[in-house]
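Structure, as structure tokens:
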Amino acid sequence: MKYLEEFRDPELARRLLDDIHGIAKGQWVLMEVCGGQTHSLIRNGIDTLLPDAIELIHGPGCPVCVTPLEVIDKALRIAAQPNVTFCSFGDMLRVPGSGEDLFTVRSGGGDVRIVYSPLDAVKIARDNPAREVVFFGIGFETTAPANAMAVVQAKRLGLKNFSMLVSHVLVPPALDAIMSSPHTRVNGFLAAGHVCSVMGYWQYEPLAQRFRVPIVVTGFEPLDLLQGIRMAVRQLEEGRYEVENAYARAVTREGNVPAQKLLSEVFEVTPRKWRGIGEIPNSGWGLSSAYREFDAAIRFDVTDINTVEPAICRSGDVLQGLIKPNECPAFGKECTPRKPLGATMVSSEGACAAYYQYGRFVSLESIG
């Protein structure tokens, strides 16, 4: 466990908690952006150990959760076609569309496969030239470089039977949208370290200044999160609004420049719908004109699908930090991991899944 246990040391965690309790004077609401951070905070009980003055809320940082319903429906229509092999990471197979999910398509005879890399889908296409092979390309800036490389590789190989259903989203425009809302409660952000390892954190600096909100790049282990919280609270108490890096072992201000160049070559910035939130300008990536021949939405003519979210599911409010999962009336009743209404209950990074898995059926405030 070397390189992990150092970041789970209970004595160091106690010291950080003591520091936070000593620093915090005002009432502050911090949003962690990544679903992986949410699970680590809840699993380790960090939210229960903080001063009452600090509240943690959960942001739109789960790639499965924010993939819009209409894109799921496009995937279902493509996957059901007889000459198609549809490839996806495992989490997406259980996310319900308007009527069914990808597992249902597979049980009905569709060729739906779980892969562990987009390059696996390229290999399947190369080995099966008579079939159309489609990869479901979702996620944030973290997963986009590997997906971009798969498209580049398909072009190099001259594959005509490979395409990608793209639904990539970008973090900074989402933070802009959250802070622009008249309902926002956010005083500070814990930015997702893995996203920043690719993109750096220079893009966050204008947001911090414009909205007067501290943004701390944070990792995923308990000490990473406590350090990020301490830095954010210290800024708030001192009246500073800067971007700070609490994940220097993985993140630099500039990020992974070769990966950024690859992304600029393969993708172009587009408006993008977020599940439960709606369309956010300039918040997504689509294939650029140089690679549009690999766009599955165009190849299979599924650009006409439009869907409406079920009213009972409040995952959009959860993703914006407006409510916590256990404040949704359907949580743990109509909506469970065995029968989820929304992606936040399906995904292994979803906030609703975290609350259900770790028994947060009532709010901490109600426990007193």
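Residue numbers start at 1 and run along the sequence shown. Because only heavy atoms are used, hydrogens play no part in the values below, and waters and symmetry mates are left out as well, while side chains stay in.
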Verify, without hydrogens or angle tests, whether [X] (side chain) and [Y] (backbone) share a donor-acceptor contact under 3.5 angstrom.
X      : Y      : value
Asn187 : Val29  : yes
Asn326 : Arg360 : yes
Gln209 : Tyr241 : yes
Arg253 : Tyr201 : no
Glu132 : Ala296 : no
Lys25  : Gly22  : yes
Ser40  : Gln37  : no
His21  : Leu49  : yes
Ser163 : Asp295 : no
Arg94  : Pro337 : yes

Side chains of [X] and [Y], heavy atoms from C-beta outward: is any pair under 4.5 Å?
X      : Y      : value
Val195 : Cys34  : no
Met149 : Pro118 : no
Gln153 : Arg126 : no
Val266 : Leu287 : yes
Thr218 : Glu32  : no
Asp120 : Phe135 : no
Arg185 : Met31  : no
Lys74  : Pro68  : no

I'd like to know if [X] and [Y] make a salt bridge, using a cut-off of under 4.0 Å between side-chain N and carboxylate O.
X      : Y      : result
Asp19  : Arg234 : no
Lys324 : Asp47  : no
Glu265 : Lys261 : no
Arg131 : Asp111 : yes
Asp9   : Arg15  : no

Considering all heavy atoms, the nearest [X]-[Y] contact:
X      : Y      : result
Arg275 : Ile72  : NH1-CG1, 4.4 Å
Ile20  : Pro51  : CG2-CD, 3.9 Å
Phe267 : Ala144 : CE1-O, 3.8 Å
Phe89  : Val115 : CD2-O, 3.2 Å
Tyr356 : Phe331 : N-CZ, 3.6 Å
Glu70  : Thr307 : N-OG1, 3.1 Å

Show, in sequence, the C-alpha distance, side-chain angles and deciding distance for Cys62 and Thr344, and conclude whether the side-chain contact (heavy atoms from CB on, under 4.5 Å) test is met.
CA-CA 8 Å; Cys62 163; Thr344 47; over 6 Å; no
Give, for atom [atom1] of [X] and atom [atom2] of [Y], the distance between the pair rounded to the nearest 0.5 Å.
X      : Y      : atom1 : atom2 : answer
Ile54  : Leu30  : CD1   : CG    : 6.5 Å
Gln260 : Leu263 : CD    : CG    : 7.5 Å
Asn147 : Ser167 : CG    : OG    : 11.0 Å
Met345 : Glu334 : CE    : CD    : 11.0 Å
Leu12  : Leu223 : CG    : CG    : 5.5 Å

Show, in sequence, the C-alpha distance, side-chain angles and deciding distance for Leu175 and Tyr204, and conclude whether the side-chain contact (heavy atoms from CB on, under 4.5 Å) test is met.
CA-CA 9 Å; Leu175 301 192; Tyr204 296 89; 3.6 Å; yes
Does the side-chain contact (heavy atoms from CB on, under 4.5 Å) test come out yes or no for Leu69 and Ser98, once each step is laid out?
CA-CA 7 Å; Leu69 190 59; Ser98 296; 4.0 Å; yes
Greater than 12 external heavy atoms within 6.0 Å of Arg249's CZ
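Yes - once you tally the heavy atoms of other residues, nucleotides and ligands closer than 6.0 Å, there are more than 12.
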Taking NZ in Lys155 as the centre, count heavy atoms belonging to other residues, nucleotides or ligands within less than 6.0 Å. Is the count above 12?
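Yes.
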In terms of side-chain heavy atoms, does Asp176 have a donor or acceptor partner in Ser180 at a distance below 3.5 Å?
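There is such a pair between these side chains.
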Begin with the C-alpha distance, continue with both residues' side-chain angles, and end with the deciding distance and a verdict on ring-ring contact (aromatic ring centres under 6.0 Å, His included) for His194 and Phe220.
CA-CA 9 Å; His194 51 7; Phe220 305 88; 4.8 Å; yes
For a side-chain contact (heavy atoms from CB on, under 4.5 Å) check, start with the C-alpha distance between Thr104 and Leu76, then their side-chain angles and the critical distance, and finish with the verdict.
CA-CA 9 Å; Thr104 309; Leu76 292 166; over 6 Å; no
Which of these, Glu327, His39, His58, sits in a side-chain hydrogen bond (donor to acceptor under 3.5 Å, both in side chains) with Tyr355?
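Of Glu327, His39, His58, side-chain hydrogen bond (donor to acceptor under 3.5 Å, both in side chains) with Tyr355 is met by His58 alone.
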